[in-house]
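Before any comments, here is the structure.
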Amino acid sequence: MIDCSSEVEQGKRFAFGRNWQKFSRLVDEDRIAAARESLVAALGTGDLAGRTFLDIGCGSGLFSLAALQLGAKVHSFDYDPDAVETTRQLRERYASDSDWRVEHGSVLDSSVISRLGQFDIVYSWGVLHHTGALWEALDTACRLVAPGGLLYVSIYNDQGLSSRAWRHVKRTYNSSGPVTRRLLVAGSGMYLNAPRRAVTLLKSAMTGRHPVGGQARRARGMSARYDLIDWVGGYPFEVAAPEEVFRVGRRHGLELRHLKTCGGGLGCNEYVFASIADQDTAQTSPAARSAAAVGTGVTS
């Protein structure tokens, strides 16, 4: 089986872990707090005490750490060895005396999945669509949810032809040298930010006020710079319409409790599903009580 490093060297995969390593230098208490807040908002609770939390594709480890600080017992894994090392370094910085487990593995590797068991909360934000086998990965994530548990995933929105065009950009990025990569990132940044800048200039012209300098911190504690690089280079790249994701959830006995869309544009749709299988067990589990607290919310 081909490994992550070989795929990166062959231009078949973006070096997600290297990007996360650079981002991790920015992690501070404010970003950790923002990550915690985003988990609380989606899960509907800030108390994860007694719950097990699986982070599929842990990246920098930021959200594993956030879950740990909310009281969860955390198990993290990632296919990219650089991401695994970055997460371990974050654990050493902020939770060296915890039982937070971090390991290397793929959601597509049955030998890894078979020994995990099930979890009260299965979390995978912006990962499954980068595996090269989205639907297999989503099926696996669903099966890892314990009775009465929660599945929290985000998956790129299907925009039809626009998504196909971005797939070409991403393939080009990963098969090109550093100069072309920088040009693609710069050009994509200008293209993506043009509407926002136009609105800012229009408001300035109408109010007579100069635009405020500086750049606001990204939601969830992320970074606009490293998010852009991840977007342009993020390959493999698959997308899904919400109804396709709903069908997979229903097939596994999962009920939608939270949906936050990207408004039909670029980016991820965010889903929280609750397990409704095995109701007798579900009613008494900690995760079930969390699921019951989450009202069905649809935002964009």
Side-chain angles (χ1 to χ4, degrees), residues 1-4 7-8 12-14 16 42 53-59 63 75-80 83 104-119 121-147 149-171 174 230-231 233-262 264-277 298:
M1 181 178 178
I2 192 168
D3 61 27
C4 176
E7 288 185 307
V8 170
K12 297 179 179 179
R13 173 172 291 277
F14 175 62
F16 293 99
F53 184 99
L54 179 66
D55 190 350
I56 301 174
C58 51
F63 288 87
H75 188 127
S76 313
F77 71 90
D78 202 294
Y79 177 57
D80 191 311
H104 177 256
S106 168
V107 70
L108 303 179
D109 187 340
S110 59
S111 66
V112 172
I113 300 305
S114 62
R115 57 182 169 78
L116 287 177
Q118 292 184 311
F119 293 77
I121 301 168
V122 176
Y123 174 86
S124 191
W125 215 103
V127 172
L128 305 181
H129 49 236
H130 289 314
T131 60
L134 168 59
W135 301 113
E136 178 185 349
L138 182 56
D139 269 327
T140 297
C142 290
R143 287 189 280 106
L144 290 168
V145 180
L150 298 171
L151 173 67
Y152 180 8
V153 296
S154 75
I155 297 172
Y156 278 140
N157 185 49
D158 188 349
Q159 295 185 91
L161 290 176
S162 180
S163 295
R164 282 59 178 171
W166 280 109
R167 182 178 291 116
H168 176 71
V169 170
K170 293 164 185 285
R171 277 201 305 260
N174 286 283
D230 181 280
W231 168 254
Y235 191 81
F237 171 73
E238 293 180 81
V239 294
E243 57 269 25
E244 295 176 300
V245 179
F246 299 160
R247 281 197 293 269
V248 175
R250 284 196 299 269
R251 189 166 67 243
H252 288 274
L254 300 175
E255 181 180 82
L256 184 69
R257 293 297 179 89
H258 165 85
L259 171 64
K260 182 177 181 180
T261 74
C262 57
L266 293 175
C268 292
N269 296 323
E270 177 181 287
Y271 312 82
V272 176
F273 290 94
S275 170
I276 56 175
V298 181

Between [atom1] on residue [X] and [atom2] on residue [Y], distance to nearest 0.5 Å:
X      : Y      : atom1 : atom2 : value
Tyr235 : Lys12  : OH    : NZ    : 10.0 Å
Arg143 : Leu151 : CZ    : CG    : 12.5 Å
Ile155 : Cys268 : CD1   : SG    : 8.5 Å
Arg115 : Ser110 : CZ    : OG    : 11.0 Å
Phe53  : His75  : CZ    : NE2   : 12.5 Å
Ser124 : Tyr271 : OG    : OH    : 13.0 Å

I want to check something: taking the side chain as every heavy atom from C-beta on, are [X] and [Y] in contact at a cut-off of under 4.5 Å?
X      : Y      : answer
Phe63  : Tyr123 : yes
Glu136 : Leu108 : yes
Ile113 : Ser106 : no
Asn157 : Thr261 : no

* Full working for side-chain contact (heavy atoms from CB on, under 4.5 Å) between Leu144 and Ile56 -> CA-CA 10 Å; Leu144 290 168; Ile56 301 174; 4.1 Å; yes
Using modelled atom types only, decide if a donor and an acceptor are shared between the side chain of [X] and the backbone of [Y] within a distance under 3.5 Å.
X      : Y      : value
His130 : Pro236 : yes
Gln118 : Val145 : yes
Glu255 : Ile276 : no
Asn269 : Cys262 : yes
Tyr79  : Cys4   : yes
Asp80  : Gly59  : no

* Asked: Between Tyr156 and Phe237, how do the two ring planes meet: parallel, tilted or perpendicular, split at 30° and 60°?
  -> tilted
Heavy-atom pair with the smallest gap, counting every atom of [X] and [Y]:
X      : Y      : value
Ser275 : Ala146 : CB-O, 3.6 Å
Leu254 : Cys142 : CD1-SG, 3.6 Å
Ala240 : Trp135 : CB-CH2, 3.6 Å
Asp139 : Arg251 : OD1-NH2, 3.0 Å
Ala141 : Leu128 : CB-CD1, 4.3 Å
Phe77  : Val107 : CE1-N, 3.6 Å

* Asked: Taking Phe273 as the fixed residue, which of Val248, Leu256, Val122, Leu259 is the one that meets the side chain to side chain contact (heavy atoms under 4.5 Å, CB included) rule?
  -> Leu256
* For the residue pair Phe14 and Phe16, is the inter-centroid distance of their aromatic rings smaller than 6.0 Å? -> yes
* Does Asp158 pair with Arg164 as a salt bridge, N-O distance under 4.0 Å? -> yes
